[in-house]
Amino acid sequence: MERVTHNREETLALGAEIAATFTGGMTVALIGDLGAGKTTLTQGIVAYFDKNIRVKSPTFTVMNEYVFAEPVNGIARIIHIDFYRFTEERELGALSLEDEMRPDTVIIAEWPNIFDRDVFRAEKTITLAHRGGDERVVTVS
Ligand code: ADP
Ligand code: MG
C-alpha cells in the first residue's frame, strides 16, 4: 500500500488507519530519514488505541511503553523503540526485547536497519520518504 500525505495531520490519520489493521504480538519497523515522520506516524497509531496518550520520541529513552486505558482489538500496549543511538549490537541485550513480546503487545521500532545485520525482525515494514515540502510517501508492506 502506498499513500502520499501532505501535512502532519494526514500522517496522524494514516497512522490510525494502519493501526486498525494491527494484531496482537505484531512487530512493525519504521524506516525513513530524520524528520520523515516516523514518530508522528507512531503518534497517530497510538492515538487510535488511546487518544489521551501523547507519544514522545524514544531517541533518548531508547524505549517507551504506552499502556492503553482499555485493550482495543486485543492490543493493550505499544512498545516504541528507537535504535538510532545504538552503536553496538551488544547494547541490545539490555533491552530484553523478547520479554516485551506478548500477545497483547505491538512493538514498533524506528531505525531497525541501523546495524549491518537486522536485529529486529518485523512482520510489517512502513517506509516514509520526503517528497518536497511537507509531502511524504508512505509505503506499507
Ligand atoms: P522522525 O521520527 O522520522 O524523525 P518526526 O515525526 O519526529 O520524524 O518529525 C516529522 C516532522 O515533520 C514534524 O515536525 C512534523 O510536523 C513535520 N511534517 C511536515 N509534514 C509532515 C507529514 N506529511 N507527515 C509527517 N510529518 C510532517
Ligand atoms: Mg523519531
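If you read the sequence from its start, that first residue is 1, and numbering goes on from there. Counting convention: from 1, in listed order, for ligands and their atoms alike. Note that these values count all heavy atoms, side chains included, but never hydrogens, waters or copies made by symmetry.
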>> I need the Arg102 CZ to Ile107 CD1 distance, nearest 0.5 Å.
In response: 10.0 Å

>> Is it true that Ser141 and Thr125 share a donor-acceptor pair across their side chains at a distance under 3.5 Å?
In response: no

>> Regarding Tyr84, does it place an N, O or S atom less than 2.8 Å from the Mg ion (ligand 2)?
In response: no

>> Run the side chain to side chain contact (heavy atoms under 4.5 Å, CB included) test on Val28 and Val106 for me, step by step, so that the C-alpha distance in whole Å, both residues' side-chain angles and the decisive distance to 0.1 Å come before the verdict.
In response: CA-CA 8 Å; Val28 181; Val106 171; 4.1 Å; yes

> Counting only heavy atoms not in Glu2, do more than 12 sit closer than 6.0 Å to its CD atom?
Replying inline: yes

>> Taking a cutoff of less than 4.0 Å between a non-hydrogen atom of the residue and any ligand atom, is Ser57 in contact with ligand 1?
In response: no

> Nearest 0.5 Å, what's the OG1-CG distance between Thr39 and Leu128?
Replying inline: 10.0 Å

>> How far is atom 26 (N) of ligand 1 from the closest protein heavy atom, and which atom is that?
In response: Thr40 OG1, 4.0 Å

>> Test your reading of the structure: does Gly37 have an N or O sitting under 3.5 Å from an N or O of ligand 1?
In response: yes

>> For the OG1 atom of Thr5 and the CZ atom of Arg8, what is their distance to the nearest 0.5 Å?
In response: 11.5 Å

> Quick one: which ligand 1 atoms are inside 4.0 Å of a heavy atom on Leu34?
Replying inline: 4 (O)

> In the protein, what heavy atom is nearest to atom 16 (O) of ligand 1, and what distance, to one decimal place, separates them?
Replying inline: Arg8 CD, 3.3 Å

> For ligand 1, which atoms sit closer than 4.0 Å to a heavy atom of Lys38?
Replying inline: 1 (P), 2 (O), 3 (O), 4 (O), 6 (O), 8 (O)

> Among all protein non-hydrogen atoms, which one is nearest to atom 12 (O) of ligand 1, and what is the separation to 0.1 Å?
Replying inline: Arg136 NH2, 3.2 Å

>> List ligand 1 atoms under 4.0 Å from Glu110, heavy atoms only on the residue side.
In response: 2 (O)

>> For a quick check under 3.5 Å, do His80 and Glu110 share a side-chain donor-acceptor pair by atom type?
In response: yes

> Can you tell me the protein heavy atom closest to atom 25 (C) of ligand 1 and the distance?
Replying inline: Thr11 OG1, 3.4 Å

>> If you measure every N or O of Thr39 against every N or O of ligand 1, does any of those distances drop under 3.5 Å?
In response: yes

> Who's the nearest protein heavy-atom neighbour of atom 23 (N) of ligand 1, and how far?
Replying inline: Asp134 O, 2.8 Å

> What's the spacing between Met63 CE and Ile81 CD1 if we round to 0.5 Å?
Replying inline: 6.0 Å

>> Test of understanding: given a 4.0 Å heavy-atom threshold, classify the contact between Glu10 and ligand 1 as side chain, backbone, both, or neither.
In response: neither

> Between Phe49 and Phe68, what is the ring plane arrangement, given parallel below 30°, perpendicular above 60°, and tilted in between?
Replying inline: parallel

> Does ligand 1 have an atom under 4.0 Å from some heavy atom of Gly35?
Replying inline: yes

> Hey, mind stepping through Ile78 and Ile45 against side chain to side chain contact (heavy atoms under 4.5 Å, CB included) and telling me if it holds?
Replying inline: CA-CA 9 Å; Ile78 280 179; Ile45 289 169; 3.6 Å; yes

>> According to a hydrophobic-cluster definition based on side-chain heavy atoms being under 4.5 Å apart (Ile, Leu, Val, Met, Phe, Trp, Tyr only), do Met26 and Leu14 belong together?
In response: yes

> Of the backbone atoms (N, CA, C, O) and the side-chain heavy atoms from C-beta on, which set of Asn7 has a member under 4.0 Å from an atom of ligand 1: side chain, backbone, both, or neither?
Replying inline: backbone

> Does Glu110 bring an N, O or S atom to under 2.8 Å of the Mg ion (ligand 2)?
Replying inline: yes

> Is the shortest N/O to N/O distance between Glu135 and ligand 1 below 3.5 Å?
Replying inline: no

> Thinking salt bridges, do Glu10 and Arg136 make one under a 4.0 Å N-O criterion?
Replying inline: no

> Looking at Asp33, which atoms of ligand 1 are within less than 4.0 Å of one of its heavy atoms?
Replying inline: 3 (O)

> Within 4.0 Å of atom 14 (O) of ligand 1 (strictly less), any protein heavy atom?
Replying inline: no

